[in-house]
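Step one of this worksheet: look at the structure below.
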Amino acid sequence: MQTEIKTLQQGLDEAVSLIKNGDVVVFPTETVYGLGANALDSNAVRKIFEAKGRPSDNPLIAHIADISWIDRLAKDVSEEARAVIKEFMPGPITVILKKSDNVPDEVTACLDTVGVRFPKHKVAREFIKACGVPIAAPSANTSTKISPTTAEHVLEDMRGKVPLILQGGACEVGIESTIIDMTADVPTILRPGAITQEMLAQVLGKVKTFDGKIVVAKAPGMKYRHYAPSCEMVVAKSAESAVEEYRRQYKNKVDAVVIGKSNYLDGIEGVLKINFIDLGDSDAEAMRNIYAAMHKAQERYGCIICQDFGERGLGASIMNRINKASGGKRV
Ligand code: TXA
Ligand code: MG
């Protein structure tokens, strides 16, 4: 199969007919690129699992192009859930709701809930709207690989496995959507993201924060190793220990790279000789650039030494991905 990258203008008609024929299409969103198929067609959804090599007990998110589509996917939507939807959609959030009967088990991995997301990205919205059906989509990477934040990342990973990638440039948010389970007694964050626990608490009064054990039970995806670069990756507890680790790797003839915010290595001696990838000045920029930095680093280096972004706000969301990528290894 040939894989082509096309702009929305060049590729929209083809994308729509692929979806109508039960095929898959890769499309950009503000978080990461998604591998989409008609969420109401179980055969089409099976093709996603095939292309990705993903275990089928891991449910998919259904993407919509208008708030009114939620009622095609979900039932008994609470007032609280509607408040979250109103505040944050379209945007980088997925809301877990009680599923309606027309959502196939292939999408939800037989759960009685469904994840619904209304992306903000213009190309995603126009594509989904033109299809006229909710689009089930995981991130457009083969299972366990890093999520793609450019069309070129997708091509590198999925060439020959998908017919069409819609071009949408670099994803603005850069990590996957926040997932909040609105069917739990206390709304529970299953995956942190750009919509933070603080932002959700503002709307809901009370949310249960991300907690390893609960997430394993409710978001089965969390039990698989995710977001892993092909080289070694460690988190440094301080800039000093990052530099120390760099030198240790160098002695062992491993070409390492430090990744962190612009000022990470300021004031540390001898840093001019160190390979460094600059993630930008703010946590939002670091979040936008983290996967691209991991993509770049794994091509050139034997070890990634990464800054610790702390436990609060966007930093906690970035750390969630970095801890998975590094397998929790710290220096
Ligand atoms: O930003 C995103 O959410 C991207 C873009 C493409 O929209 N999509 C994405 O999908 O990250 P994926 O499949 O890589 O991650 C979806 C996560 C998985 O961990 C899955 O277990 C969880 O969502 N999930 C889906 N439906 C669920 C449900 N009904 N209950 C609990 N967790 C669910
Ligand atoms: Mg994924």
Side-chain angles (χ1 to χ4, degrees), residues 24-37 39 45 48-49 51-64 73-74 88-100 103-121 123-125 127-128 134-149 153-154 157-158 165-166 168 171-184 187-195 210 214-228 287 291 317 320-321 324-325:
V24 295
V25 171
V26 174
F27 64 101
T29 81
E30 69 277 22
T31 58
V32 301
Y33 277 68
L35 171 59
V45 172
I48 295 176
F49 289 98
K52 233 181 119 73
R54 176 184 179 117
S56 59
D57 63 344
N58 193 359
L60 303 175
I61 295 168
H63 296 68
I64 59 175
L73 297 165
F88 299 113
M89 288 191 184
I93 190 164
T94 296
V95 176
I96 306 292
L97 301 167
K98 217 162 158 202
K99 93 176 187 85
S100 74
V103 181
D105 284 340
E106 281 76 4
V107 173
T108 61
C110 300
L111 297 174
D112 57 5
T113 55
V114 61
V116 180
R117 166 151 146 71
F118 179 7
K120 196 170 195 166
H121 196 293
V123 174
R125 289 171 70 165
F127 159 65
I128 300 165
I135 300 291
S139 50
N141 50 286
T142 51
S143 217
T144 80
K145 293 274 172 61
I146 304 170
S147 296
T149 56
H153 292 157
V154 181
D157 186 18
M158 313 256 341
I165 302 167
L166 291 175
C171 300
E172 206 184 319
V173 173
I175 65 171
E176 298 85 347
S177 60
T178 302
I179 301 180
I180 182 150
D181 184 354
M182 294 305 304
T183 67
T188 301
I189 295 169
L190 304 182
R191 180 173 73 182
I195 306 297
F210 175 80
I214 290 173
V215 168
V216 168
K218 284 287 199 169
M222 296 299 169
K223 73 180 183 238
Y224 302 103
R225 184 163 179 251
H226 261 177
Y227 323 118
M287 185 165 79
Y291 281 150
S317 304
N320 171 262
R321 308 312 194 271
K324 287 200 174 105

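Owing to the predicted nature of the structure, the values given are computational and were not obtained by experimental measurement. Each ligand, and each atom within it, is numbered from 1 in the order the structure gives.
Ligand-side atoms of ligand 1 in range of Arg191: 2 (C), 3 (O), 9 (C), 11 (O), 15 (O), 16 (C), 17 (C), range being under 4.0 angstrom from any heavy atom. Close approach of ligand 1 to Thr113 (heavy-atom distance below 4.0 Å) involves ligand atoms 28 (C), 29 (N), 30 (N). Listed by atom number, the atoms of ligand 1 under 4.0 Å from Ser139 heavy atoms are 8 (N), 9 (C), 10 (O), 12 (P), 14 (O). Per-residue contacts place His63 under 4.0 angstrom from the following atoms of ligand 1 (heavy atoms of the residue considered): 5 (C), 6 (C), 7 (O). Against a heavy-atom cut-off of under 4.0 Å, Leu190 is close to the following atoms of ligand 1: 31 (C). Within ligand 1, counting atoms from 1 as listed, the ones closer than 4.0 Å to a heavy atom of Ile179 are 17 (C), 22 (C), 23 (O).
Neither the backbone nor the side chain of His121 comes within contact range of ligand 1; no heavy atom lies under 4.0 Å. Neither the backbone nor the side chain of Thr108 has a heavy atom within less than 4.0 Å of ligand 1. Counting heavy atoms under 4.0 Å from ligand 1, residue Asn58 touches it through the side chain alone. Of the heavy atoms in Leu111, only side-chain atoms (C-beta onward) come closer than 4.0 Å to ligand 1.
The residue among Ser177, Gly36, Ala62 with a heavy atom at the shortest distance from atom 2 (C) of ligand 1 is Ser177. Nearest residue to atom 25 (C) of ligand 1 from Gly115, Pro28, Pro59 is Pro59 (criterion: closest heavy atom).
Under a 4.0 angstrom heavy-atom cut-off, Lys99 registers as lying outside contact with ligand 1. Ligand 1 lies within reach of Leu60, whose nearest heavy atom is under 4.0 Å from it.
With hydrogens and angles left out, the side-chain atoms of Asp181 and Thr188 include no donor and acceptor closer than 3.5 Å. Donor-acceptor pairing under 3.5 Å is lacking for the side chains of Thr183 and Thr113. Glu176 and Ser147 share a donor-acceptor pair across their side chains, judged by distance under 3.5 Å alone.
By the side-chain contact (heavy atoms from CB on, under 4.5 Å) test, Glu172 is found to be paired with Arg288, residues two or more places apart in sequence or in another chain being considered.
Between Phe27 and His121, the gap from one ring centroid to the other reaches at least 6.0 Å.
Distances from the Mg ion (ligand 2) show that Asn141 has no N/O/S atom below 2.8 Å.
For the pair Ile48/Pro138, a side-chain contact is recorded, criterion being any heavy-atom separation below 4.5 Å from C-beta on. The shortest distance between side-chain heavy atoms of Val103 and Thr108 falls below 4.5 Å.
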Fill in: Pair Ser177-Thr31, side-chain hydrogen bond (donor to acceptor under 3.5 Å, both in side chains): steps then yes or no
CA-CA 6 Å; Ser177 60; Thr31 58; 5.7 Å; no
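Looking at Glu30 and Arg117, a side-chain N of the basic residue comes within less than 4.0 Å of a carboxylate O on the acidic one, giving a salt bridge.
Between Arg117 and ligand 1, a contact under 3.5 Å exists for at least one N or O pair.
Of the residues listed (Asn141, Thr149, Val173, Ile146), the one engaging Val32 in a side-chain contact (heavy atoms from CB on, under 4.5 Å) is Thr149, and it is the only one.
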